[in-house]
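The block underneath contains the structure these notes are about, expressed in structure tokens.
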There are 2 protein chains.
Amino acid sequence: MGITKTTYFTDEQNELAILTKAMGHPARIAIIQHLIKVNSCICGDIVNELPLAQPTVSQHLKELKNAGLIKGNFEGNAICYCLDENGFNKIKHFFQHINSYLENQKNQCC
Amino acid sequence: MGITKTTYFTDEQNELAILTKAMGHPARIAIIQHLIKVNSCICGDIVNELPLAQPTVSQHLKELKNAGLIKGNFEGNAICYCLDENGFNKIKHFFQHINSYLENQKNQCC
DNA sequence: TATTTATATTGCAATATTACGATAATAAAA
DNA sequence: TTTTATTATCGTAATATTGCAATATAAATA
């Protein structure tokens, strides 16, 4: 069927899935890494940085933006992108939860 | 074309993408949350916990296991699952990097 | 206004993912 | 050894994702 049963899960579960799914492609990881490196840059710089065509990069940027992981401002006729802390803060708490669990627990199966 | 150009990206980018992609489904987030809650449990418990059929759950468990986010031990004829710190430690550093960047930086576009 | 520059959208082909019924495999118990 | 319980695999249908050429849109500039 191929359709995710989102209604059967909590809002939190769906939101975390959307955020992590948005990160789940090497091109989108590369975009995040590049934005950290240069702080902010226009879309064209990312196109030059990645081994993908402009429409493909535009599509990846859209997915990151929809998830709330990046944001873009108009800079003349170009669009300047940078990280959006909103999205990352939402994931942050989940990972903190996981990490504190793994540290305090001898994590072993049955 | 639908095929990700993994060879064009670094090993680190591909690895982070595999890990985050594996988390990118509400059922797999729910599995991780449940394992944190009960520490470890057999596959059948997860099937009862989720609104999905047994083969579907089995498939999600396989993906989490392949990514290195959970591990399973034989417990009689059942299999006991728990979190695998290996996978989570790999993501941990990436998020620490992102978070320290976002904290130290007035994150604004151009 | 026409042109250039920068980005988004459309349309499509190839591939991947999601979900589940049916069935196989495995190990304990009767 | 047969049965039962537990999990994995196979096969398949429906949907989603990836990638790009072609094209559209929007803003600056000539």
Side-chain angles (χ1 to χ4, degrees), chain A residues 1-9 13-14 17-31 35 40-67 70-82 109-110, chain B residues 1-9 13-14 17-31 35 40-67 70-82 109-110:
Chain A
M1 319 198 166
I3 188 166
T4 298
K5 293 179 153 184
T6 53
T7 51
Y8 293 179
F9 299 98
Q13 286 163 348
N14 283 314
I18 286 170
L19 288 161
T20 48
K21 187 178 185 180
M23 297 183 71
H25 190 288
R28 297 195 288 268
I29 294 285
I31 290 170
L35 287 177
S40 69
C41 69
I42 65 169
C43 171
D45 295 335
I46 297 170
V47 173
N48 291 332
E49 196 71 18
L50 297 188
L52 296 169
Q54 179 267 322
T56 308
V57 172
S58 190
Q59 197 171 280
H60 284 306
L61 288 170
K62 190 180 175 182
E63 284 176 59
L64 286 168
K65 199 177 161 195
N66 286 343
I70 66 171
K71 54 189 173 183
N73 285 337
F74 283 91
E75 172 79 359
N77 60 341
I79 294 178
C80 182
Y81 284 102
C82 64
C109 297
C110 308
Chain B
M1 314 190 168
I3 188 165
T4 299
K5 294 178 151 185
T6 53
T7 51
Y8 293 177
F9 298 97
Q13 286 162 349
N14 283 315
I18 286 170
L19 288 161
T20 48
K21 188 178 183 178
M23 298 182 70
H25 190 287
R28 296 195 288 268
I29 295 284
I31 290 170
L35 286 177
S40 70
C41 69
I42 66 169
C43 170
D45 294 335
I46 297 170
V47 173
N48 292 333
E49 196 71 20
L50 298 188
L52 296 170
Q54 180 268 323
T56 309
V57 172
S58 190
Q59 198 171 277
H60 284 305
L61 288 170
K62 190 180 177 184
E63 285 176 59
L64 286 169
K65 198 176 163 196
N66 285 343
I70 65 171
K71 54 188 175 183
N73 285 337
F74 283 90
E75 172 78 0
N77 61 340
I79 294 178
C80 181
Y81 283 103
C82 64
C109 298
C110 307

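Convention: sequence-line order gives letters A, B, ...; per-chain numbering from 1.
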A:Gln54 (side chain) and C:dA6 (base): donor-acceptor pair under 3.5 Å
no
Side-chain donor or acceptor of A:Asn77 under 3.5 Å from a matching atom on the base of C:dT5?
yes
B:His25 vs A:Ile79, nearer the 5' end of DNA chain C by closest nucleotide:
A:Ile79
Whichever of A:Leu61 and B:Leu52 has its nearest DNA chain C nucleotide further upstream toward 5':
A:Leu61
Which nucleotide in the list [options] gets nearest to the side chain of [X]?
X       : options               : result
A:Cys43 : C:dT7, C:dC20, D:dA22 : C:dT7
B:Ser58 : C:dT7, C:dC20, D:dT7  : D:dT7
B:Gln59 : C:dT18, D:dA21, D:dA8 : C:dT18

State whether the side chain of B:Thr20 and the backbone N or O of A:Met23 hold a donor-acceptor pair below 3.5 Å, judged by distance alone.
yes
Would you mind reading off the distance between [X] atom [atom1] and [N] atom [atom2], rounded to a whole angstrom?
X       : N      : atom1 : atom2 : answer
B:Ile31 : C:dT18 : CD1   : C1'   : 13 Å
A:Asn48 : C:dT5  : CG    : C1'   : 13 Å
B:Asp45 : D:dT6  : CG    : C1'   : 11 Å
B:Asn73 : C:dT26 : CG    : C1'   : 16 Å

May I ask you to verify if any side-chain N or O of [X] is less than 4.0 angstrom from the OP1 or OP2 atom of [N]?
X       : N      : result
B:His60 : C:dT17 : no
A:Lys62 : C:dT7  : no
B:Thr56 : C:dA19 : no

If the plane angle is over 60° it's perpendicular, under 30° parallel, otherwise tilted; pick one for A:His60 and A:His25.
tilted
Partners of A:Asn73 by side chain to side chain contact (heavy atoms under 4.5 Å, CB included), sequence neighbours excluded?
B:Cys109
Which part of the nucleic acid, if any, lies within contact of [X], taking any heavy atom under 4.0 Å across all strands shown: a base, the sugar-phosphate backbone alone, or nothing?
X       : value
B:Glu63 : sugar-phosphate
A:Tyr81 : sugar-phosphate
A:Lys21 : sugar-phosphate

Mind running disulfide (SG to SG under 2.5 Å) on B:Cys110 and A:Cys80 for me, showing each step along the way?
CA-CA 6 Å; B:Cys110 307; A:Cys80 182; 1.8 Å; yes
